[in-house]
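The structure appears right after this line, and notes come after that.
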Amino acid sequence: MGSNLGSAGLMLVNTLVNIYLFVLMLRFLLQFSQADYYNPLSQGIVKATQPVVAPVQKILRPLGRIDIATLFVGFLLKIIVITAIFQIAGFGMPPLQGLLLAGIAGVLNAILKIYFFALIIMIILSWVAPRASHPGALLVMQIVEPIMAPVRRVIPPLGMIDLSPIVVFIAINLLDSVVVGSLARAAGLPGALVGF
């Protein structure tokens with residue numbers, strides 16, 4: 001019973017860290033997409049992540065729209081939690097190469113999941129409330145636009161039907177299975193620790 005409880009506790013910790021990693025990568029994507037900084041949801045995300053990102057931003061300055069500090073914090077957080085789970089579970093120290101690959105895979109997985117969920121929300125909103133002015137709806141549209149605009153230039157809408165989200169969904173799934181999957185397999189660590 002004790003080992004089951006400990007295992008459940010470790011999975012809970014991993015899930016909570018993955019949720020925080022999700023919020024960190026959301027902050028990264030907000031800056032990357034140049035979303036409205038004064039949106040109340042943007043403000044909440046920045047406040048939730050500022051304590052861990054601000055000290056690193058003093059060293060790692062953003063490169064244009066790419067917030068290196070936020071990426072690094074997410075990467076470091078993933079590595080720390082995997083190491084802690086291995087230590088607590090009694091498996092010792094995971095291999096360094098596996099840790100680095102798992103950290104990269106975890107960050108990429110979180111970014112792809114955000115895009116995936118944002119696309120689903122965007123599609124639903126386009127059916128239900130195409131002109132929604134809710135701060136959450138505006139934020140979703142702003143996050144998704146940088147990946148949708150290039151696809152729309154290649155595949156323009158056919159009347160009322162926009163096929164670009166289908167192409168982006170396929171690209172996200174390919175990246176997730178090929179790139180993130182390859183990194184996770186190369187890391188040699190349990191998949192539950194790497195991904196969501």
Side-chain angles (χ1 to χ4, degrees), residues 14-82 100-126 131-154 162 164-165 167-176 179-180 183-184 194-196:
N14 189 41
T15 302
L16 292 174
V17 169
N18 280 336
I19 290 169
Y20 194 70
L21 178 64
F22 194 85
V23 174
L24 277 168
M25 292 307 103
L26 193 52
R27 174 188 173 129
F28 169 76
L29 290 177
L30 289 173
Q31 181 164 343
F32 178 74
S33 62
Q34 296 179 327
D36 179 14
Y37 180 77
Y38 296 103
N39 184 308
L41 293 174
S42 296
Q43 291 290 308
I45 290 165
V46 169
K47 284 179 185 172
T49 55
Q50 193 66 7
V52 293
V53 173
V56 180
Q57 280 181 330
K58 293 176 182 171
I59 301 165
L60 299 173
R61 305 299 302 164
L63 292 175
R65 298 185 329 180
I66 299 174
D67 186 4
I68 297 171
T70 303
L71 281 177
F72 181 75
V73 168
F75 172 76
L76 195 61
L77 181 68
K78 194 68 182 172
I79 287 176
I80 289 170
V81 77
I82 290 172
L100 296 176
L101 291 173
I104 294 168
V107 166
L108 286 175
N109 183 267
I111 290 171
L112 291 173
K113 293 286 189 242
I114 291 169
Y115 277 133
F116 181 83
F117 293 130
L119 273 171
I120 290 174
I121 293 168
M122 183 197 78
I123 290 168
I124 292 170
L125 285 174
S126 71
R131 291 181 178 82
S133 60
H134 187 276
L138 296 174
L139 209 57
V140 166
M141 299 300 182
Q142 291 170 347
I143 287 173
V144 171
E145 191 55 32
I147 62 169
M148 294 296 290
V151 178
R152 282 193 188 118
R153 281 194 291 273
V154 177
D162 187 5
S164 55
V167 174
V168 175
F169 269 126
I170 292 169
I172 287 172
N173 284 326
L174 278 173
L175 284 171
D176 196 31
V179 177
V180 176
L183 286 170
V194 176
F196 237 21

> Is there side-chain contact between H134 and L125, with heavy atoms separated by less than 4.5 Å?
Replying inline: no
Residues 68-77, side-chain donor-acceptor partners within the protein, below 3.5 Å, at least two apart:
| residue | atom | partner | partner atom | Å |
| --- | --- | --- | --- | --- |
| T70 | OG1 | D67 | OD2 | 2.4 |

>> Would you compute the distance between atom CG of L174 and atom CZ of F169 and round it to the nearest 0.5 angstrom?
In response: 13.5 Å
>> Minimum heavy-atom separation for P165 and M122, please, with both atom names.
In response: CG-CE, 4.0 Å
> When rounded to the nearest 0.5 angstrom, what is the spacing between CG in L21 and OG1 in T15?
Replying inline: 12.0 Å
>> What's the separation between atom CZ in F22 and atom CG in N109, rounded to the nearest 0.5 Å?
In response: 10.0 Å
> Please, which pairs that meet salt bridge (charged side-chain N to carboxylate O under 4.0 Å, His left out) have at least one residue in residues 142-153, sequence neighbours excluded?
Replying inline: E145-R152, R152-D162
> How many angstroms lie between CE in M25 and CG in L108, if you round to the nearest 0.5 Å?
Replying inline: 9.5 Å
> Quick one: CD1 on I104 to CG on L100, what's the gap to the nearest 0.5 Å?
Replying inline: 6.5 Å
> In this structure, which one of L175, D176, I143 forms a side-chain contact (heavy atoms from CB on, under 4.5 Å) with Y115?
Replying inline: I143
> Would you call V46 and L30 a side-chain contact if the rule is heavy atoms closer than 4.5 Å?
Replying inline: no
> For N39 and P135, which heavy atoms make the closest approach, and how far apart are they?
Replying inline: ND2-O, 2.9 Å
>> Please find the pair of heavy atoms, one from A105 and one from V180, that lie closest to each other, and give the distance.
In response: O-CG1, 3.7 Å
> Pairs in or reaching into residues 31-51: which pass salt bridge (charged side-chain N to carboxylate O under 4.0 Å, His left out), with residues at least two apart or in two chains?
Replying inline: none
>> Among L139, I147, I111, which residue satisfies the side-chain contact (heavy atoms from CB on, under 4.5 Å) criterion with L29?
In response: I111
>> Are the side chains of F28 and V107 in contact, using a 4.5 Å heavy-atom criterion?
In response: no
>> Less than 4.5 Å apart, side chain to side chain, heavy atoms only: is that true for I172 and K113?
In response: no
> Would you say the side chain of L24 lies within less than 4.5 Å of the side chain of V52, judging by non-hydrogen atoms?
Replying inline: yes
>> Minimum heavy-atom separation for Y20 and A48, please, with both atom names.
In response: OH-O, 2.8 Å
>> Under a 3.5 Å distance rule, please check whether Q31 uses its side chain to pair with a backbone N or O of I66 as donor and acceptor.
In response: no
>> As an exercise, state the distance from OG1 of T49 to CG of L26, rounded to the nearest 0.5 Å.
In response: 9.0 Å
